[in-house]
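Inspection log for the structure reproduced underneath, given as structure tokens.
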Number of protein chains: 2
Amino acid sequence: MSPTDGQDLPGLPTQRPFVTVDVAIFGVLQDELQVLLVQRPSLATEPYPGLWALPGGFIDVSADDSLEACARRKLAVKTGAVAPYLEQVGSWGSKARDPRGWSTTHLYFALLPADSIQLVPGANAADVRWWPVAGAGVRGRLAFDHAKLLAAAVERLRAKVEYTSLPAFLLPREFTLPDLQRAYEIVLGRPVEKSAFRTRVLAAGVVEPIDRQRQTGKRPAQLYRLASRSEPIYFPRTFEPKRD
Amino acid sequence: MSPTDGQDLPGLPTQRPFVTVDVAIFGVLQDELQVLLVQRPSLATEPYPGLWALPGGFIDVSADDSLEACARRKLAVKTGAVAPYLEQVGSWGSKARDPRGWSTTHLYFALLPADSIQLVPGANAADVRWWPVAGAGVRGRLAFDHAKLLAAAVERLRAKVEYTSLPAFLLPREFTLPDLQRAYEIVLGRPVEKSAFRTRVLAAGVVEPIDRQRQTGKRPAQLYRLASRSEPIYFPRTFEPKRD
DNA sequence: TCAATAGTGTCTCTTAGACACTATCGT
DNA sequence: ACGATAGTGTCTAAGAGACACTATTGA
């Protein structure tokens with residue numbers, strides 16, 4: 001197959017944008033919401049050398065059957081794991097966002113239990129590490145338009161957390177209700193009322209109790225697991241605090 | 001500039017998907033939610049000849065500065081109008097969705113006052129017309145994967161209508177509250193309670209009264225216009241009917 | 001018995017939903 | 001006066017938010 005196959009069929013444009021997929025992988029570490037970033041290679045031939053970026057890259061039209069498959073592949077390459085939750089955030093494309101030319105990117109975000117995975121520095125990424133989302137360490141120092149992409153992913157995540165069970169995908173398979181409540185508080189960045197939280201989560205059927213409790217020094221807590229390991233639950237109302 | 005410019009820079013993939021933008025343009029006509037479709041040319045060299053499809057097509061990397069600009073261009077070409085509301089729904093891409101090869105599409109949906117525009121049959125589209133969204137006339141007879149795309153756009157629209165002022169963008173610049181309520185009912189496909197509707201819409205500051213009323217045979221109705229002509233308003237709660 | 005965390009009960013207040021009622025036009 | 005549509009008021013019930021209270025462990 002020649003390298004220009006499919007580039008010159010009649011009616012198809014000869015000049016095409018290049019197409020990438022980026023993934024914002026979120027986890028909770030040290031009681032903080034963090035995002036997985038990779039460091040770009042320090043080669044003068046590469047754009048933004050040495051800067052941090054969302055993991056991602058070009059579509060491989062011979063290896064990737066679809067955009068989502070491409071996102072899952074890039075996720076697996078960095079984490080060696082299959083994320084329990086993956087969702088498309090949107091797409092961006094313009095002449096200016098990549099110095100190499102007209103480009104589009106399809107942005108996904110993934111949630112996973114951060115302590116369950118091993119980071120995998122890749123051939124094309126000097127380093128891989130978690131960065132706190134709230135911290136200023138990352139702000140404004142990301143390659144390409146990734147600061148904007150990350151902000152969009154965080155905004156989407158925070159918005160959906162108000163009315164879905166998404167934070168459960170940040171926890172290991174078995175967890176307690178206080179664990180889950182803490183995950184909500186970490187993502188939202190504000191405290192959540194305990195009684196209302198428990199009522200809502202249990203009424204919505206997000207979780208089901210298992211026949212075990214967590215033994216700590218204090219009163220033991222009932223262990224739960226997700227009722228639906230793959231799909232999030234949507235709540236009828238939100239967690240938003242009462243307006244004043 | 002040679003036709004392969006930008007195709008062979010070092011590090012860039014030589015094989016790229018082709019990139020399209022599609023737009024689901026919605027309007028209310030004959031008391032129904034309708035979508036603008038174009039008929040594909042009846043040429044054997046074109047895929048899906050004669051079938052109906054969402055307006056759209058390839059990115060023109062020399063004419064389009066961004067994906068959204070491309071969507072606005074395609075919208076203007078068919079309607080001659082600038083839509084008061086345009087939102088990205090998502091993107092799809094795979095090897096299989098277009099017989100000509102690996103392709104991606106970026107789907108937008110637009111809302112506009114249907115009676116304010118003139119349809120413009122284009123060079124590459126045999127015909128343009130409105131189709132009822134609910135009707136079976138369109139179902140399963142769309143080109144490419146556009147049935148799926150249209151379903152996604154309708155789903156997004158319906159979901160957002162529950163908690164936003166989107167239907168206002170389907171009305172002319174001046175309208176009455178009963179007009180607006182009717183627009184909600186048409187999009188949602190179910191009746192909306194009058195009193196709660198008015199309370200919510202007015203409390204949210206969606207509209208502002210103008211110094212005129214609509215004279216019909218009956219009691220005249222106060223005319224309003226959008227408080228914010230460009231941005232939709234988000235309600236704190238939804239219009240969903242009480243569960244049983 | 002105390003500290004600490006898990007889990008429940010109770011009160012209030014807001015708001016949606018239902019629906020009846022009033023208001024204003026033309027005929 | 002009446003039909004028809006515009007617009008308001010009232011009652012009820014459900015759920016959120018606040019917060020106090022009880023429960024269960026180890027030390």
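Model, not experiment: these values are computed from the prediction. Throughout, a chain's letter reflects where its sequence line sits, starting with A, and its residues are numbered from 1.
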Q: Apply salt bridge (Lys or Arg N to Asp or Glu O under 4.0 Å) to the pair B/E155 and B/R158, showing each step before the final yes or no.
A: CA-CA 5 Å; B/E155 187 185 0; B/R158 293 227 166 97; over 6 Å; no
May I have the distance from [X] (atom [atom1]) to [N] (atom [atom2]), rounded to whole angstrom?
{"X": "A/E193", "N": "D/dC21", "atom1": "CD", "atom2": "P", "result": "15 Å"}
{"X": "A/R214", "N": "C/dA6", "atom1": "CZ", "atom2": "C1'", "result": "12 Å"}
{"X": "A/K194", "N": "D/dA20", "atom1": "NZ", "atom2": "P", "result": "12 Å"}
{"X": "A/Q181", "N": "D/dG17", "atom1": "CD", "atom2": "P", "result": "13 Å"}
{"X": "A/R212", "N": "C/dA6", "atom1": "CZ", "atom2": "C1'", "result": "18 Å"}
{"X": "B/L177", "N": "D/dT5", "atom1": "CG", "atom2": "P", "result": "17 Å"}
{"X": "B/F197", "N": "C/dC19", "atom1": "CZ", "atom2": "C1'", "result": "18 Å"}
{"X": "A/R198", "N": "C/dG9", "atom1": "CZ", "atom2": "C1'", "result": "13 Å"}

Q: Tell me what B/S195 touches on the nucleic acid: a base, only sugar-phosphate, or nothing, going by heavy atoms under 4.0 Å.
A: base
Q.
What contact category does B/T199 fall into here, base, sugar-phosphate, or nothing, at under 4.0 angstrom with non-hydrogen atoms?
A. nothing
(Q) So, using side-chain contact (heavy atoms from CB on, under 4.5 Å) as the criterion, who are the partners of B/R72 when residues are at least two apart? (A) B/E68, B/L86
Please produce a list of atom pairs where a protein N or O lies less than 3.5 Å from an N or O of nucleotides 25-27 of chain D.
from, atom 1, to, atom 2, distance (Å)
D/dG26, O4', A/G217, O, 2.7

**Q.** Residues within residues 221-228 of chain A bordering DNA chain C, heavy-atom distance below 4.0 Å
**A.** A/A221, A/Q222
Does the side chain of [X] come under 3.5 Å of the side chain of [Y] through a donor N or O and an acceptor N or O?
{"X": "A/Y85", "Y": "A/E87", "value": "yes"}
{"X": "A/K160", "Y": "A/Y234", "value": "yes"}
{"X": "A/S94", "Y": "B/D65", "value": "no"}

Q) Counting distance only, does the side-chain N/O of B/H106 pair as donor-acceptor with the main-chain N or O of B/S91 below 3.5 Å? A) no
Q: State whether the side chain of A/R156 and the backbone N or O of A/Q88 hold a donor-acceptor pair below 3.5 Å, judged by distance alone.
A: yes
Q) Out of curiosity, A/R190 CZ to A/Y184 OH, how far, rounded to the nearest 0.5 Å? A) 11.5 Å
Q | Rounded distance [0.5 Å steps], CG in B/L29 versus CZ in B/R129 | A | 11.0 Å
